[in-house]
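Scroll down for the structure; my scribbles are underneath it.
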Amino acid sequence: MLNAEAIAAFKAGLRGELIEPGDANYDAARKVYNGMIDRRPRLIARCADVADVMAAVKFGREEKLAVAIRGGSHNAAGLGVWDDALVIDLSRMNYVRVDPKKKTVQVGGGALWRDVDHATHPFGLAVPSGIVSTTGVGGLTLGGGMGYLARRYGLTIDNLLSVEMVLADGRFVTASAKENGDLFWAVRGGGGNFGVVTAFLFKGQPVHTVYGGPMIWEMKDAAEMMRWYRNLIAKAPDDVYGFFAFIVVPPGPPFPEHLHNRKMCAIVWCYTGPLKKAEKVFKPIRKFKTPALDLAGPIPHPALQSMFDGLYPAGMQWYWKADFVRTLPDEAIEQHLKYAATLPTLQSTMHLYPINGAASRVKRGATAWWHRDATWTEVIVGVDPNPAKKEEVTAWAREYWNALHPYSMGGAYINFMMEEGDERIRATYGKNYKRLAKIKKRYDPANLFRVNQNIKPK
Ligand SMILES: Cc1cc2nc3c(=O)[nH]c(=O)nc-3n(C[C@H](O)[C@H](O)[C@H](O)COP(=O)(O)OP(=O)(O)OC[C@H]3O[C@@H](n4cnc5c(N)ncnc54)[C@H](O)[C@@H]3O)c2cc1C
């Protein structure tokens, strides 16, 4: 039982807010992006600064509470909130500072990618992130981070220069290649296991207007498109990125009416080479099979990053399954087609995100992220706004994943995993797991930070 006086003292010392059950904003504050998650934390400390984070970590440790860290709240498993826990909510710490001379970007631990894109774009810079701009910088980065710029500039962690963090024992430290190198190695893929990151320092990459957007093809052409795409991505230069998707076409603009609500396949492109060469680069792509809808063209990077935000507002039911994939044999393509034909709802989808190119040239042991030899991260999500559809979208995603899992590499991107147990986490980190467990023991021996894809201290 928590002592009311201790809570009052904790609250009085915070520059931010302390939210408790019964407070008017408690229900709003405990909600996360995935509407399937309905957890009731004991306290939510909405921190305003590093001092607040230090006070919260101390309180959590002394009161023996489970501590959940909340950045952008997008986590698949909803690990930014936990029953009876203390939530350290970083959403107020969302500043972004660009240093145009050094081409670096400092970002508060609770910022969203749209905050970063907004701040960097006028300087002609971008930090490699994901494909939806409402996702948090914190969780995405600490899990690895992959998106449109992965083939050209690597994963998000490959662009991370340092972090400032509060450790389980309350110390505030910087981790970089020069300082606390073991910690810096571990946070680049090891998730929120090692402490609360209050600030990230990234390298900004020279990205302003790219050539990108979706091309959509008929489902009858999907097998041929997938086979062609598998060969294209294996050999494409780093500046050509395209993720493959099975989709239901949204019933509204910019999609023409005759395509509305139809199941189709798509590739969403992001070409970062010289714009004047783009038409030439895409000529053979368009020639292979003319798309039923072609929306690819010059587009500001933040516009591409936020293109799907509207299709995926917060609060829907999400069931996630994922794997790492090296090759796409014809038998796997057959299975893909079978489940794509039964996409259960408008937002349910399967994506293959390429992570070869620059991301694959970083050595396996250089960061905690192990699967540098994967060609794609495959993700299957059953999604719908209606809670009554929860069972249906879950069953579809599970069955689809079961059919494809035999063609995968073992392990999955931790940011796309729900609660799948220790074995899957170990498989994800491969031979890096042992080192991660040792570093965990050094920095968090009591496993204070255990509301995550947990690495046990050893
Ligand atoms: C619609 C959607 C699209 C996505 N697209 C992509 C994509 O293109 N590429 C990609 O790589 N991922 C993508 N993801 C997955 C995303 O990376 C994860 O959901 C990630 O966990 C989100 O981070 P967050 O800060 O929003 O999450 P939260 O739920 O707030 O946090 C998740 C976990 O991260 C840790 N954490 C967060 N912030 C901190 C911090 N500052 N310090 C310490 N630990 C912290 C904690 O352990 C926490 O439990 C997507 C997710 C969604 C819902």
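What you see is a predicted model, and the numbers here were worked out from it, not measured in a lab. Ligands are counted one by one from 1 in listed order, and the atoms in each one are counted from 1 as well.
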Worksheet item: What atoms of ligand 1 come within less than 4.0 Å of a heavy atom belonging to V451?
Response: 47 (O), 49 (O)
Practice prompt. For ligand 1, find out whether one of its N or O atoms is nearer than 3.5 Å to an N or O atom of N75.
Written response: yes
Discussion item. Is it the case that ligand 1 has an N or O less than 3.5 angstrom from some N or O of S73?
Written reply: yes
Worksheet item: Looking at R361 and D238, does any basic side-chain N land under 4.0 Å from a carboxylate oxygen?
Response: yes
Worksheet item: For L79 and ligand 1, does the shortest N/O to N/O distance drop below 3.5 Å?
Response: yes
Discussion item. Classify the ring geometry of Y148 against Y241: parallel below 30°, tilted from 30° to 60°, perpendicular beyond 60°.
Written reply: perpendicular
Practice prompt. Could you tell me the residue and atom name of the protein heavy atom closest to atom 23 (O) of ligand 1, and the distance to it rounded to 0.1 Å?
Written response: G139 CA, 3.1 Å
Worksheet item: Where's the contact between W320 and ligand 1, heavy-atom distance under 4.0 Å: side chain, backbone, both or neither?
Response: side chain
Worksheet item: What protein heavy atom is closest to atom 46 (C) of ligand 1, reported as residue, atom name and distance in Å?
Response: I69 O, 3.5 Å
Practice prompt. Report the nearest protein non-hydrogen atom to atom 8 (O) of ligand 1: residue, atom name, distance rounded to 0.1 Å.
Written response: I131 N, 2.9 Å
Practice prompt. Assert yes or no for the condition that the ring centre distance of Y312 to W318 is strictly below 6.0 Å.
Written response: yes
Worksheet item: Looking at L2 and E63, what are the two nearest heavy atoms and their distance?
Response: CD2-OE1, 3.4 Å
Worksheet item: Purely on distance, is any nitrogen or oxygen of F200 under 3.5 Å from one on ligand 1?
Response: no
Worksheet item: Between D38 and R30, is the closest basic N to carboxylate O distance under 4.0 Å?
Response: yes
Response to the item:
re atom 9 (N) of ligand 1, the protein heavy-atom contact at minimum distance is M146 O, 2.6 Å
Worksheet item: With no hydrogens and no angle check, do the side chains of S348 and W396 hold a donor and an acceptor under 3.5 Å apart?
Response: no
Practice prompt. Give the atoms of ligand 1, by number and element, whose distance to some non-hydrogen atom of T135 is under 4.0 Å.
Written response: 3 (C), 4 (C), 16 (C), 22 (C)
Discussion item. If we only consider heavy atoms of G145, is any one of them less than 4.0 Å away from an atom in ligand 1?
Written reply: yes
Practice prompt. Output the list of atoms in ligand 1 that are nearer than 4.0 Å to some heavy atom of G130, sorted by atom number.
Written response: 7 (C), 8 (O), 9 (N)
Worksheet item: Is the H121 to H301 ring centre distance short of 6.0 Å?
Response: no
Fill in: Within-cut-off N or O pair, V196 and ligand 1, under 3.5 Å
no
Discussion item. Ring-plane angle category for W269 and F282, please: parallel below 30°, perpendicular beyond 60°, tilted otherwise.
Written reply: perpendicular
Worksheet item: Looking at W320, W369, Y429, W370, which one forms a ring-ring contact (aromatic ring centres under 6.0 Å, His included) with Y413?
Response: W369
Worksheet item: Looking only at distance, does Y312 have an N or O less than 3.5 Å from an N or O of ligand 1?
Response: no
Item to complete: Please name the residue in the list T327, D323, D373 that meets the side-chain contact (heavy atoms from CB on, under 4.5 Å) test with M409.
Response: D373
Worksheet, complete the sentence: Quick look: L90 vs ligand 1, heavy-atom contacts under 4.0 Å, and the answer is side chain
Fill in: Geometric N/O contact L140 with ligand 1, under 3.5 angstrom
yes
Item to complete: Anything under 30° is parallel, anything over 60° is perpendicular, the rest tilted; go ahead and classify F246 against H336.
Response: tilted
Worksheet item: Based purely on interatomic distance, does V197 place a nitrogen or oxygen under 3.5 Å from a nitrogen or oxygen of ligand 1?
Response: yes
Worksheet entry | Exercise: identify the closest heavy-atom pair between L155 and N159 | O-ND2, 2.9 Å
Practice prompt. Kindly indicate whether the side chain of F324, heavy atoms from C-beta on, has any atom under 4.5 Å from the side chain of T377.
Written response: yes
Worksheet item: ligand 1 and Y353, any nitrogen or oxygen pair closer than 3.5 angstrom?
Response: no
Worksheet item: Which atoms of ligand 1 are found less than 4.0 Å from any heavy atom of G136?
Response: 23 (O), 24 (P), 25 (O), 26 (O)
Discussion item. Measuring from non-hydrogen atoms of G195 to any atom of ligand 1, is the shortest distance under 4.0 Å?
Written reply: yes
Discussion item. Do R442 and F194 have side chains that approach each other closer than 4.5 Å (heavy atoms only, starting at C-beta)?
Written reply: no
Discussion item. Need the ligand 1 atom indices (1-based, order shown) with element for anything under 4.0 Å from a heavy-atom of G192.
Written reply: 44 (N), 47 (O)
Worksheet item: In the protein, which heavy atom is nearest to atom 45 (C) of ligand 1, and how far is it?
Response: L142 CD1, 3.5 Å
Worksheet entry | Atoms in ligand 1 flagged as close to N452, the criterion being non-hydrogen separation under 4.0 Å | 47 (O)
Worksheet entry | Shortest protein contact, atom 17 (O) of ligand 1 (heavy atom only) | N415 ND2, 3.1 Å
Discussion item. Are F243 and W376, when compared by the centres of their aromatic rings, separated by less than 6.0 Å?
Written reply: no
Discussion item. Tell me whether G72 has any N or O atom under 3.5 angstrom from an N or O of ligand 1.
Written reply: yes
Discussion item. I'd like the name of whichever of F416, W318, Y33, Y413 reaches closest to atom 13 (C) of ligand 1 through any heavy atom.
Written reply: F416
Discussion item. Quick check: closest heavy atoms across Q453 and A77, and the distance to 0.1 Å?
Written reply: NE2-CB, 4.5 Å
Worksheet entry | Among R450, R70, H74, closest by any non-hydrogen atom to atom 27 (O) of ligand 1 | H74
